[in-house]
Amino acid sequence: MLKYIVEICVKIDIAILGISYPIIISQISKIGDKFNSNYLPNIFHLEWISKEINFKYFKLSFFELVLISTIISFIFQIIDAEPWFGWNNIFLNNSADLLTLLLTIVLVISFLIWTKKIVLYNGKPVKLLKYLINKYNNYQGNNSETKKYLIRTINDFAYHTIKTQDTHLQEILVNFYWDEFDKQRTNYVESLNSLNDKEDEYNELATKGVEYSAELYDLIYRINLESINNNNFLTRNIEYNSVSGWWLLGKGYEQVTTSELTYKLLWSILKLNLSKTNNIKSYWSKAHQYGSSAFTVDPQYDFGEIIPLNQKEID
């Protein structure tokens with residue numbers, strides 16, 4: 001009975017190696033083409049099923065390692081050696097068959113998982129974007145490059161959204177970026193609060209202002225470039241938040257100091273949009289709101305004193 005099962009396993013293994021594997025490899029090579037993304041293939045190769053394991057002279061993904069191990073197990077089928085030292089029990093007598101069966105089961109399960117991942121990465125944009133955002137928000141690893149690849153891939157979806165006028169992607173992206181900019185502003189405020197007892201460091205960070213990640217600055221600039229070169233009738237929301245400065249300045253009442261990097265980018269945006277009157281109006285409307293609300297500092301006086309205790313902050 002086991003002999004026939006092994007024959008079936010061998011046929012399955014050969015079918016995966018000879019037919020399915022080459023087709024799947026061709027599909028992997030297309031990952032990222034739809035969104036014109038150079039980073040999406042990197043994210044795919046960081047998935048555990050396709051992540052490469054470093055050996056001394058070569059690299060193999062987990063799936064490839066299982067596939068090669070399964071093929072190597074055929075050698076024991078051919079040798080058909082007797083158990084060593086005269087050992088005799090059902091497991092040792094059928095060890096070659098059991099090894100091939102076990103590895104085939106692992107191979108088939110790995111193949112199904114691997115195929116599912118490839119379908120995800122080459123499939124519906126909305127589903128893939130939600131997956132990437134969830135992966136980014138829940139990433140707990142220590143490798144900062146991985147998180148950079150994730151945010152850069154999400155940025156590629158933003159540029160793709162403007163080019164294709166995909167309103168479904170726009171809604172997801174706008175919500176994500178609002179949360180991401182707010183998160184980095186919150187981290188800045190928390191860093192300030194942690195330095196309350198260190199006056200010099202506190203003053204240095206407070207004067208510097210909030211600086212966003214390079215990926216978010218690149219996003220704002222690229223969205224402006226894409227919006228200038230495309231007629232964005234359906235994706236005005238993502239363009240407006242970028243052009244007007246809403247994402248960079250925040251909602252106004254947070255009173256977070258604008259950094260020099262942010263200030264320079266805002267003026268670069270204005271120069272890019274000089275020919276687009278509505279975009280200029282959007283920016284100055286937001287800038288006025290930010291200036292009138294974010295810079296309101298109530299003076300605090302000590303008893304009998306004329307000069308406010310927080311005069312430096314007011315200045």
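All values below were derived from every heavy atom in this structure, side-chain atoms included, with hydrogens, water molecules and symmetry-related copies excluded.
Here the closest non-hydrogen pair linking Gly32 and Pro41 is CA-CD, 4.4 Å. Summarising the geometry of Gln184 relative to Glu211, their closest heavy-atom pair is OE1-O, 4.4 Å, with the distance given to 0.1 Å. Scanning both residues, Leu107 and Leu67, for their nearest heavy atoms gives CD1-CA, 3.8 Å. The heavy-atom pair separating Ser191 from Ser194 by the smallest distance is O-OG, 2.6 Å. Between Lys276 and Glu239, the shortest heavy-atom distance links the atoms NZ-OE2, 3.6 Å. Minimum interatomic distance between Leu103 and Ser73 (heavy atoms only, all atoms of both residues): CD1-CB, 3.8 Å.
Atom CD of Glu204 has 12 or fewer neighbouring heavy atoms from other residues, nucleotides or ligands inside a 6.0 Å radius. The 12-atom threshold is not exceeded at OH of Tyr263, counting heavy atoms of other residues, nucleotides or ligands nearer than 6.0 Å. Other residues, nucleotides and ligands contribute over 12 non-hydrogen atoms within 6.0 Å of the CG atom of Asn54. Sparse packing is recorded around CG of Asn38, with 12 or fewer heavy atoms of other residues, nucleotides or ligands lying under 6.0 Å away. Heavy-atom neighbours of Lys183 NZ from other residues, nucleotides or ligands within 6.0 Å: above the threshold of 12. Counting heavy-atom neighbours within 6.0 Å of Glu47 CD, excluding the residue itself, gives a total above 12. Within 6.0 Å of OH in Tyr39 there are 12 or fewer heavy atoms belonging to other residues, nucleotides or ligands. Around CD1 of Ile25, the count of heavy atoms belonging to other residues, nucleotides or ligands within 6.0 Å exceeds 12.
For the pairing with Ile220, the side-chain contact (heavy atoms from CB on, under 4.5 Å) check across Asn224, Ile223, Asp218 returns one residue only, Asn224. Checking Asp33, Asp156, Leu132 one by one against Leu40, the side-chain contact (heavy atoms from CB on, under 4.5 Å) holds for a single residue, Leu132.
Counted by atom type alone, Tyr121 and Gln27 present zero donor-acceptor pairs between their side chains at under 3.5 Å. Judged by distance alone, the side chains of Asn155 and Tyr177 do bring a donor and an acceptor atom under 3.5 Å apart. Using modelled atom types and a 3.5 Å distance limit, the side chains of Tyr221 and Ser242 yield no donor-acceptor pair. Residues Asp179 and Asn175 bring no donor and acceptor atom of their side chains to less than 3.5 Å of each other. Lys117 and Tyr131 are linked by a side-chain donor-acceptor pair at a separation below 3.5 angstrom, with hydrogens and angles left out of the test.
In this structure, OG1 in Thr161 is found 9.0 Å from CZ in Phe35, a value given to the nearest 0.5 Å. Rounded to the nearest 0.5 Å, atoms CH2 (Trp247) and CG (Leu216) are 9.5 Å apart. Rounding to the nearest 0.5 Å places CZ of Arg222 at 4.5 Å from OH of Tyr159. Here the OH-OG distance, from Tyr217 to Ser259, works out to 3.5 Å after rounding to the nearest 0.5 Å. Between the OG atom of Ser268 and the CG atom of Leu225 there is a distance of 10.0 Å, given to the nearest 0.5 Å. With values rounded to the nearest 0.5 angstrom, Ile238 atom CD1 is found 11.5 Å from Thr167 atom OG1.
Taking 4.5 Å as the limit, some side-chain heavy atom of Ile113 sits within range of a side-chain heavy atom of Trp48. Put simply, the side chain of Trp284 reaches to within 4.5 Å of the side chain of Leu270, judged on heavy atoms. Side-chain contact between Trp114 and Ile28 is present, with heavy atoms from C-beta onward closer than 4.5 Å. For the pair Thr235 and Asp166, the minimum side-chain heavy-atom distance is 4.5 Å or more. Side-chain contact check for Leu219 versus Ile151: every heavy-atom pair is 4.5 Å or farther apart. Put simply, the side chain of Ile24 reaches to within 4.5 Å of the side chain of Phe111, judged on heavy atoms. Residues Glu52 and His45 are not in side-chain contact: their nearest non-hydrogen atoms beyond the backbone lie 4.5 Å or more apart. The side-chain heavy atoms of Leu266 and Tyr283, taken from C-beta on, include a pair separated by under 4.5 Å.
Under a 3.5 Å cut-off, the side chain of Ser26 and the backbone N or O of Ile23 do form a donor-acceptor pair. Lys208 contributes no side-chain N or O that, together with a main-chain N or O of Glu260, makes up a donor-acceptor pair within less than 3.5 Å. The backbone N or O of Phe181 sits nowhere less than 3.5 Å from a side-chain atom of Tyr212 that would complete a donor-acceptor pair.
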Show, in sequence, the C-alpha distance, side-chain angles and deciding distance for Asn36 and His160, and conclude whether the side chain to side chain contact (heavy atoms under 4.5 Å, CB included) test is met. CA-CA 8 Å; Asn36 194 29; His160 170 79; over 6 Å; no
Apply the test side chain to side chain contact (heavy atoms under 4.5 Å, CB included) to residues Phe44 and Thr153: give CA-CA distance (whole Å), side-chain angles for both, the deciding distance (0.1 Å), then the verdict. CA-CA 11 Å; Phe44 173 78; Thr153 304; over 6 Å; no
Tell me, with the steps shown, if Thr257 and Val210 meet side chain to side chain contact (heavy atoms under 4.5 Å, CB included). CA-CA 6 Å; Thr257 306; Val210 60; over 6 Å; no
If you apply the rule side chain to side chain contact (heavy atoms under 4.5 Å, CB included), what do you find for Leu17 with Asp13, and how did you get there? CA-CA 6 Å; Leu17 176 64; Asp13 298 336; over 6 Å; no
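Val10 and Leu102 sit in two unconnected hydrophobic clusters of ILVMFWY residues. Membership requires side-chain heavy atoms under 4.5 Å apart, directly or through other members. The cluster map of Ile, Leu, Val, Met, Phe, Trp and Tyr, joined by side-chain heavy atoms under 4.5 Å apart, puts Ile19 and Ile16 in different clusters. Linking Ile, Leu, Val, Met, Phe, Trp and Tyr residues whenever their side-chain heavy atoms come within less than 4.5 Å places Leu112 and Phe63 in a single cluster. Linking Ile, Leu, Val, Met, Phe, Trp and Tyr residues whenever their side-chain heavy atoms come within less than 4.5 Å leaves Ile269 and Leu274 in two separate clusters. By the rule that hydrophobic residues join a cluster once side-chain heavy atoms approach within less than 4.5 Å of another member, Val119 and Leu128 end up as members of separate clusters.
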